[in-house]
Structures are given as structure tokens and as C-alpha cells.
There are 2 protein chains.
Amino acid sequence: MSTIGKALSLLDSASRLDKEAGLTDIARLCGLDKATARRFLVELEKHGFVEQDPETRKYRIGSAPVRLARIREARYPFLRVAVPFIKALAEASTETVHLSEFSGRRLSTIHVEDSRRAHRVNVEVGTLLPLHATASGLAYLAFCPPDEIDAALSRPLERITEYTIVEPAMVRGLLDETVARGFSINHQGIEAGVVSTAAPIRAPGGHPIGCVAIAAPIVRADQAEVMKFGAQVAAAARAITEKYYGSEKPMGTSTQIRRTG
Amino acid sequence: MSTIGKALSLLDSASRLDKEAGLTDIARLCGLDKATARRFLVELEKHGFVEQDPETRKYRIGSAPVRLARIREARYPFLRVAVPFIKALAEASTETVHLSEFSGRRLSTIHVEDSRRAHRVNVEVGTLLPLHATASGLAYLAFCPPDEIDAALSRPLERITEYTIVEPAMVRGLLDETVARGFSINHQGIEAGVVSTAAPIRAPGGHPIGCVAIAAPIVRADQAEVMKFGAQVAAAARAITEKYYGSEKPMGTSTQIRRTG
DNA sequence: GCATATGGTTCAATAGTTGAACCAGTGCTT
DNA sequence: AAGCACTGGTTCAACTATTGAACCATATGC
């Protein structure tokens, strides 16, 4: 891997920590030498991507990403466009709704509207979503080109709960169902007692950029309710796509992506 | 310069462009070879820091910075803390108020509340603020340690308007006045007909992290008014500092980094 | 059809990166 | 107070990743 890649991986790893970390911890976490980690951190600091607390000497994410994010959001206001729809969906479904975005080879949560109910599913912003074990991941993958699906399923799939589906062939079955339905269903694959549905937001080329998902406690998610949630997420994803990419809809909704059986 | 530094500079340069750019343009802008620029872009793309439009082949800022920014903001909600004060100040002063943050060796605008008046000063989010020719820059520099001031004034200072002060000795004079007053005054140094005042928000160590500034048309900025703006800006900066660092900054009493033993 | 753009690729020469071993400081134990 | 076990930070010869001129393929304009 290139130096740049390693440095950005370090940044990525450091960002996943719950709190600020010291040099030794960061180096250990990334499997890098202390000297190397430090050189990266110094270089990242020069450009504002990390900053070091002068007192504790610990490192944290800097403000350069904030500046870049602002510029991107100003030009590509995905969140600004999507959030009203997420809010409306949370209102309509009375369940927790979240929005994810594919970035840096990972699908991560970028916005959450919590259900107002006392018994609800809680999702944290920033959470990474495994592609095989979440509704969002399945919805994303289902509309990816075959080589990306192959790549995603070629690695060993983690069994997160006793319900997690880890056999590639079975996951492919779920993807086919997802394409046929227009939304995915994840039955307790990421957390016991939680059922989710999700639908992708797709760029004009057809490739998904992220997903809308509803997560509900299993006691409130019978067959009929899940289908209702599915229809709602699919509608929300369509609405966001339309607003985000203008009048132009995803091209070749049925012909663009060919999946192998 | 290290490879990482060059790649981050490329990202920085690309972010300053008004629109998406092609490979050749980016390479030229950064003074890099086309092959090198491309390798950087590919690497940055792998990690989501840039993305390439599949149709136009042009590059734009990716979504990884958005994720990092979210994490930083969640942990260090500078903007969230500061914006209400900026809004209140805009209301009270009836002039355009903006907030800047020092990042990656530059001071850049991160929030603006425009005046409601027809005749007003317009400031864009993302604008970089020269340290010698803006109220924010002077307020920032004035409270920096001497070596940083020396470094900033050792480079040639750009004459932006006919009023811009470019003699290091005179700039030092302004800095001294700023420290004495608690806020800076910039008289048409960045744009003719505009007078600004600014005050720094300072970290517990004393180092400024950014500034609050009011910018007004010169016709509404007589001596008395400017002093009033200055007092307001200083008060806002103090209030933000207190809120930001106030209750919960101190040394981590409860949580320690876990170490493997 | 030629000229001149563009994005993208190659590979030998080279320049930047690496990491074990080092120093210095801090806080805990004895 | 000496010893220990951490910490962050630095050094420099060995080495490996980076560099960029020249290359290809394609697209647009005259």
C-alpha cells in the first residue's frame, strides 16, 4: 500500500476511536511503527487533518475535514437534501430511520432520526454497516455491479448474531430478493430483536451512493408491517434521488445492472 | 516535502477550485506530474477523500471528510457552540458577522450570518483570511506566541487594497493595539469601503483557535460605532470560549486509555 | 486528416520511507 | 531515592516506494 494510503488509514482508524489517543496507541492500532505513525501524524497535523492537544499530547481529528466537508456539502448537499425526507419518514413510520453513505469502501451512517417511542432501536451516527448483515448493506450491494458483489462476498463474512447469514450463496439470494422487491429486509442479522428494511439512493449511472433504512423492534415488525416499511423506504429513497440528482432519474433502472444467478 | 504532504496539498488545492477539475488541471495547479497527480487522486479516492465523476472523469471532494467532520463536530462541536452567539451578534449589530477557524496553517471562514440590510458586506464560507489584512487575521496573530508572529511577518505581505498595511513593523503596531484593546480593527485592508473588528477565541493554553468578526460598510462605521462593534465582538468571543472550554474541558478524570498488559 | 487537447499507463532512476535502537520525561513501587 | 515501566519523541543506514519523461488511446477542433 502507498504511503498516502497508510496515512489515510491511520486517520480512518484514529477516527474510529471513541476518544483522543496517544502516539503509542495509534501506532499499535494501525500496526505501524511508532516513528512512522508519528511522521504521519505530524504531516496530517501540518494540514489540519489531526491536531495534538498541547497538554495531554494526545491526537484528535483536526478541522481540515470540516472545511472540506463544508465545501462538499455546499456543492453536493446530499445531507441537506436527504434529511427532510428522513425526518418525514421517521414521523410517518414512528420508528428509527437512518441514512447511510458509501465512502472509502465502507457504508457509514451519516444521519439518524430516532423514533419517539420509548422502546426503539438506537443507531449512532458514524457507525459502519457491514454489507452482508444490515438492511442498508444488502440494499447497497444488491444494486452494485457483479464484480463488487463478488469482491464483497469473497472475504469471510462475520457472524454477528445467531441469525446473521454468512453463506455467500444465501446472501446472494437475499440480494436477488432485494432487487426484485426494490428494498432489503434484514432479520436480526446485526442485532437480535431488530428488523430493518432499506432502499438505496442511486447515482445517475445506477451505482448506489447510500441508503435509507428503518429499524424496528421485532415485536412491532410483523410481515405486513415490514412490507409497509419497505414501501416507505423505497419511496423515500426515490424521492431523495429525484431531488438530489434533479429531474433525471437513475438510468436504466432495470437493464443497467445485470446480476448473475 | 513528504508524499503525504503533497497529496494533502493536492486535496487542499483541488478544494479551492470553484468546480470539479480534470486530471491535467489539477496536476498543473499543484505543480505535479500528471502521473503523480493521478496516483494521488486514485489513492485519495480509495479512501473517499475525492471521487471521480464516471461520466466527465472530473474529480471532486469525496465524502470521507464529511464523515470525519461529523465525528469531530460530535466530539468538538465548535460550530454548534459558536453559531448561536454569531446569530445573536448579527442580530444585535445588524451587520454581517462571521466566524473563522485556524486550520492547516490558514485561517478560514466557517460560518457567516449576513446582515439583513440591503447595503451590507458579503462574506463567503470557506474564504481564507490573510493574517495581516483582515480583522480576524490580526486578532488571531495578536494572541499568538512571538515566533508565530515572526514567521507570519517574515514572508512578503500582499498589498490587497491601497489601504492594506504591508510593513511588518506597522502590522506589529496593529497587533500591539489589538492586544491592548482586546479586539482588532481592520480599516479597508481587505476590501475598500469595509471596516471590520474581530476578537479571538482562545484555547485554554492561550493559543487562538479562531475569531469572531463584524464587517460593516465604512459609511456606518464611525469611530464610536467601531468601538461598539469591537466590544460586542470581544464579548461574543469570550462567551463562545467559555461555553466551548468552560465546563467539561479539564483533564480526563474518569477515562484512561486502556493498555494491554 | 492533421493538430492538439484530454485521461491514463509504463518502468528505470531516484528520492523518500522505514524501524530498531535510541533519549528524555513522568508516575508508580519498593 | 533508586528502579521500573510506561510515555512521546528522535536518529540514520538500509531499503522500498515514488517519480516523471515518454508512451498509448481517445476526443474535439480546424
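Chain naming here is simple, since letters A, B, ... match the order of the sequence lines and numbering starts at 1 in each.
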message = One pair to check against side chain to side chain contact (heavy atoms under 4.5 Å, CB included): A:Thr127 and A:His98. What are the steps and the verdict?
response = CA-CA 11 Å; A:Thr127 311; A:His98 64 275; over 6 Å; no

Atom CD of A:Glu43: over 12 foreign heavy atoms under 6.0 Å = yes

inquiry  = Testing the basics here: between A:Ser15 and A:Ile61, what is the closest heavy-atom pair and its distance to 0.1 Å?
reply    = CB-CD1, 3.6 Å

inquiry  = Expected output is a numbered-order residue list: members of residues 10-17 of chain B with a heavy atom under 4.0 Å from any atom of DNA chain D. What is it?
reply    = none

message = Based on the rotation axes of five pairs at each end, what angle does the helix from C:dT9-D:dA22 to C:dT30-D:dA1 bend through, to 10°?
response = 40°

key: Short side-chain N/O contact from B:Arg57 to OP1 or OP2 of C:dG7, under 4.0 Å   = no

query = Atom SG of B:Cys144 and atom CD1 of B:Ile149: how far apart are they, to the nearest 0.5 Å?
reply = 6.5 Å

message = Whether the side chain of A:Ser184 engages the backbone of A:Ala135 through a donor-acceptor N/O pair (distance < 3.5 Å, no angle test) should be reported.
response = yes

message = If you compare all heavy atoms of A:Val66 against all heavy atoms of B:Glu73, which two are closest, and at what distance to 0.1 Å?
response = CG1-OE2, 4.0 Å

key: Short side-chain donor-acceptor distance under 3.5 Å, A:Arg72 and B:Ser63   = no

Whole-Å distance separating the CG atom of B:Leu29 from the P atom of C:dT6 = 14 Å

note = Scanning both residues in full, the closest heavy-atom pair of A:Leu41 with A:Val50 reads O-CG2, 3.5 Å

ask   = In whole angstroms, how far is the C1' atom of C:dA15 from the CD1 atom of B:Ile4?
value = 15 Å

query = What is the distance, rounded to the nearest whole Å, between atom CG of A:Leu23 and atom P of C:dC23?
reply = 18 Å

task = Search all heavy atoms of A:Glu148 against all heavy atoms of A:Leu141 and return the closest pair with its distance.
result = O-CD1, 4.3 Å

task = Measure across A:Val81 and A:Ile240 and return the closest heavy-atom pair with its distance rounded to 0.1 Å.
result = CG1-O, 4.1 Å

With sequence neighbours excluded, residues passing ring-ring contact (aromatic ring centres under 6.0 Å, His included) with A:Tyr140 = A:Phe102, A:His207

Please tabulate the protein-to-nucleotide N/O contacts below 3.5 Å involving nucleotides 26-30 of chain D, giving atom names and distances.
none

note = Taking for B:Arg28 and for B:Val42 the nucleotide of DNA chain C with the nearest heavy atom, the one nearer the 5' end belongs to B:Arg28

ask   = With sugar-phosphate meaning primed atoms plus P, OP1 and OP2, does A:Gln52 contact a base, only sugar-phosphate, or nothing at under 4.0 Å between heavy atoms?
value = sugar-phosphate

query = What is the distance, rounded to the nearest whole Å, between atom CZ of B:Arg38 and atom C1' of D:dC24?
reply = 14 Å

ask   = Could you state the CG-P distance from B:Leu41 to C:dG7, rounded to the nearest angstrom?
value = 10 Å

For nucleotides 18-21 of chain C, give me every protein contact, N/O to N/O, under 3.5 Å, one pair per line with atom names.
from: C:dT18; atom 1: OP1; to: A:Lys6; atom 2: NZ; distance (Å): 2.7
from: C:dT18; atom 1: OP2; to: A:Arg39; atom 2: NH2; distance (Å): 2.9

key: side chain to side chain contact (heavy atoms under 4.5 Å, CB included) evaluation trace for A:Arg57 with A:Gln52   = CA-CA 6 Å; A:Arg57 318 238 91 184; A:Gln52 186 180 32; 3.8 Å; yes

key: Residue A:Arg105 excluded, over 12 heavy atoms near CZ under 6.0 Å   = no

task = Please report, rounded to the nearest Å, how far the C1' atom of D:dG8 is from the CD atom of A:Glu20.
result = 15 Å

Per-pair distances, 0.1 Å, donor-acceptor, side chain in residues 33-40 of chain B, under 3.5 Å, sequence neighbours excluded:
from: B:Asp33; atom 1: OD2; to: B:Ala35; atom 2: N; distance (Å): 2.8

